[in-house]
Amino acid sequence: NHLGAILKIGQSDMNISEFKIESLNEEITCWLASPDPSKIHKKSGLLLNISATRQYALLDSTQNHPTEPFLDAGHHVLSFDLPHHGERVKQVYSDAVKESANGYLEAMGRALAAGDDPFKQFVEDGKTSLNVCIEKGIAPNGKIVAYGVSRGAYCLLRLAAEDKRVHAVAGPSPVTDWSVVTEFANQVDPSITKQIHIENWIDHLGEKAVYLSVGSQDTTINTDSCVQFSMELFDKQKQILPEGVLYNQLHVVDSPSHSPSKYSRLDATQ
């Protein structure tokens, strides 16, 4: 289904089509941005770009840094709302939650504590939406990559670990350990957050290309946690890849805050 209009982004017209998927008994709306047909070539691939909502990921100039460069390079860009964000807010978990990015994060924590795992949901969302794109003839060469910040980065690492079709993830300011995130620490038992630490999927990420960047004083997601995970991932790649071959990058940048700078977002895009 076409949205009925060509949306404007930067200096370019964006052609966005919409489709719906059924994922773990939830109906989810996906947006697929397509490049100008004249720009499509044999190496054209697909970027899964995840922010809080598909609108942020594709249209918001403060969040959509990869969208236009990928379209200009002849690639498609896919997005959908994170669980408990945008149209997917569930009243049972969001009753007392403020309408803010952190509020939605608190709802994710409440859901996890109740046994309604938002990350398993996301992985299924990602697999199902990629199935549809492949059925549409998108990225027949298998070139599928992903970009997300903070909670989005964590979700995409989980997806890449469980879906062989996702070959690379760029994740500025990634959550790696949910026990250090205030909205989770206040309501989720440590035994549960331990089970979802991203290091538990490290064996499935060894052959992926993973770009991570983190602020040198990021107390929200904990700089040390991100660095430790990255070093463990380097070690894993050293074990399984040919000598001298490493796919990953880690950048610790001079920043006191959690939100990545424009430079970090554009570097991750590159």
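- Two residues are said to be in side-chain contact when any heavy atoms from C-beta on lie closer than 4.5 Å; L112 and I192 meet this criterion.
- In this structure a side-chain-to-backbone donor-acceptor pair under 3.5 Å is present from H167 to G142.
- Here the shortest heavy-atom pairing between A170 and A268 reads CB-O, 3.6 Å.
- Atoms CD and CG, on Q55 and D60 in that order, are 10.0 Å from each other to the nearest 0.5 Å.
- Under the 4.5 Å side-chain heavy-atom criterion for ILVMFWY residues, no single connected hydrophobic cluster contains both L156 and Y211.
- Shown here for P174 and S213, the closest heavy-atom pair between the two residues is CD-O, 3.4 Å.
- Looking only at distances, a side-chain donor or acceptor of T53 sits under 3.5 Å from a matching main-chain atom of Y56.
- One hydrophobic cluster, built from ILVMFWY side chains closer than 4.5 Å, cannot hold both L24 and M108; they sit in different ones.
- Of the inter-residue distances, the one linking N49 atom CG with Q63 atom CD reads 9.5 Å to the nearest 0.5 angstrom.
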What verdict does the side chain to side chain contact (heavy atoms under 4.5 Å, CB included) test give for L212 and V227, after you've listed the backbone C-alpha separation in whole Å, the side-chain angles of each residue and the deciding distance to 0.1 Å?
CA-CA 9 Å; L212 301 179; V227 171; over 6 Å; no

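- Scanning both residues, A33 and L71, for their nearest heavy atoms gives O-CD2, 3.6 Å.
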Would W178 and Y154 satisfy ring-ring contact (aromatic ring centres under 6.0 Å, His included), going step by step from the backbone distance to the final call?
CA-CA 10 Å; W178 286 99; Y154 173 87; 5.4 Å; yes

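- Considering CG of L105 and OG of S150, their distance stands at 7.5 Å, rounded to 0.5 Å.
- Side chains of M14 and E68 form no contact here, defined as non-hydrogen atoms less than 4.5 Å apart.
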Determine whether E106 and F184 satisfy the following criterion, side chain to side chain contact (heavy atoms under 4.5 Å, CB included), listing intermediate values before the conclusion.
CA-CA 7 Å; E106 185 177 340; F184 275 60; over 6 Å; no

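- Counting only N and O atoms by type, the side chains of R151 and S51 include no donor and acceptor under 3.5 Å apart.
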What verdict does the ring-ring contact (aromatic ring centres under 6.0 Å, His included) test give for W201 and F119, after you've listed the backbone C-alpha separation in whole Å, the side-chain angles of each residue and the deciding distance to 0.1 Å?
CA-CA 13 Å; W201 285 270; F119 306 117; 9.1 Å; no

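- By the rule that hydrophobic residues join a cluster once side-chain heavy atoms approach within less than 4.5 Å of another member, Y263 and V252 end up as members of separate clusters.
- No salt bridge links D116 with R110; every basic N to acidic carboxylate O contact stays at or beyond 4.0 Å.
- Minimum heavy-atom separation, S191 to D189: OG-OD1, 2.5 Å.
- Contact check for F70 versus H76: no side-chain heavy atoms found under the 4.5 Å cut-off.
- Taking 4.5 Å as the limit, every side-chain heavy atom of P190 sits out of range of all side-chain heavy atoms of S179.
- To the nearest 0.5 Å, atom CG of residue L46 and atom CD1 of residue I134 are 8.0 Å apart.
- Looking at heavy atoms from C-beta onward, E27 lies out of side-chain contact with I21 at the 4.5 angstrom threshold.
- With hydrogens and angles left out, the side-chain atoms of D218 and S255 include no donor and acceptor closer than 3.5 Å.
- Between F122 and F80, the ring planes lie tilted relative to each other; the angle falls in the 30° to 60° range.
- Panel note: side chain H75, backbone K143; no donor-acceptor pair is recorded below 3.5 Å.
- Residues L78 and L47 have side chains not in contact (no heavy-atom distance under 4.5 Å, counting atoms from C-beta outward).
- The backbone N or O of V253 sits nowhere less than 3.5 Å from a side-chain atom of H251 that would complete a donor-acceptor pair.
- A heavy-atom distance below 4.5 Å is found between the side chains of V149 and P260.
- The environment of CG in D254 is sparse: at most 12 heavy-atom neighbours from other residues, nucleotides or ligands sit within 6.0 Å.
- A side-chain donor from one of Q121 and D125 sits under 3.5 Å from a side-chain acceptor of the other.
- The aromatic rings of Y93 and H84 lie perpendicular to each other, with more than 60° between the two planes, well past the 30° mark.
- Between the H197 side chain and the Q195 main chain, no donor and acceptor come within less than 3.5 Å of each other.
- Although no hydrogens or angles enter the test, the distance criterion places no donor-acceptor pair under 3.5 Å between the side chain of Q237 and the main chain of L246.
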Before you tell me yes or no, could you show the steps for T223 and Q217 under side chain to side chain contact (heavy atoms under 4.5 Å, CB included), namely the whole-Å CA-CA distance, both residues' side-chain angles and the distance that decides it to 0.1 Å?
CA-CA 6 Å; T223 302; Q217 302 172 55; 5.6 Å; no

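- Summarising the local packing, CD of Q239 is surrounded by more than 12 heavy atoms from other residues, nucleotides or ligands at distances under 6.0 Å.
- Pairing each heavy atom of I144 with each of A139, the nearest pair is CG1-CB, 4.2 Å.
- For the 3.5 Å distance criterion, the side chains of N131 and R165 qualify, holding a donor opposite an acceptor.
- Taking 4.0 Å as the cut-off between side-chain N and carboxylate O, D81 and R88 do not count as a salt-bridged pair.
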Apply salt bridge (Lys or Arg N to Asp or Glu O under 4.0 Å) to E232 and K236, showing your working.
CA-CA 6 Å; E232 290 176 1; K236 181 65 182 178; over 6 Å; no

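- Once rounded to the nearest 0.5 Å, the distance linking CD of E183 with OG1 of T220 reads 8.5 Å.
- For S225 and T176, the side-chain atoms include at least one donor-acceptor pair closer than 3.5 Å.
- Judged purely by atom type and a 3.5 angstrom limit, T128 uses its side chain to pair as donor or acceptor with the backbone of E124.
- Note that the CG atom of D177 and the CD1 atom of I196 stand 8.5 Å from one another [nearest 0.5 Å].
- When atom types are taken as modelled, the side chain of Q187 and the backbone of A113 share no donor-acceptor pair closer than 3.5 angstrom.
- The two atoms that bring S230 and L250 nearest to each other are OG-CD1, 3.5 Å, heavy atoms only.
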Step-by-step side chain to side chain contact (heavy atoms under 4.5 Å, CB included) determination, F229 to D224:
CA-CA 9 Å; F229 165 70; D224 289 345; over 6 Å; no

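- In this structure, the side chains of C30 and S79 stay at 4.5 Å or more apart for every pair of heavy atoms.
- Under the 4.5 Å side-chain heavy-atom criterion for ILVMFWY residues, a single connected hydrophobic cluster contains both L82 and I198.
- Listed for the K208 side chain is a donor-acceptor partner under 3.5 Å among the backbone atoms of A160.
- At distances below 3.5 Å, not a single donor-acceptor pair connects side-chain atoms of T193 with backbone N or O atoms of V188.
- F234 and Y247 fall into different hydrophobic clusters, where Ile, Leu, Val, Met, Phe, Trp and Tyr residues are linked whenever their side-chain heavy atoms come under 4.5 Å apart, directly or through other members.
- Residue-environment remark: NZ (K120) stays at or below the threshold of 12 foreign heavy atoms within 6.0 Å.
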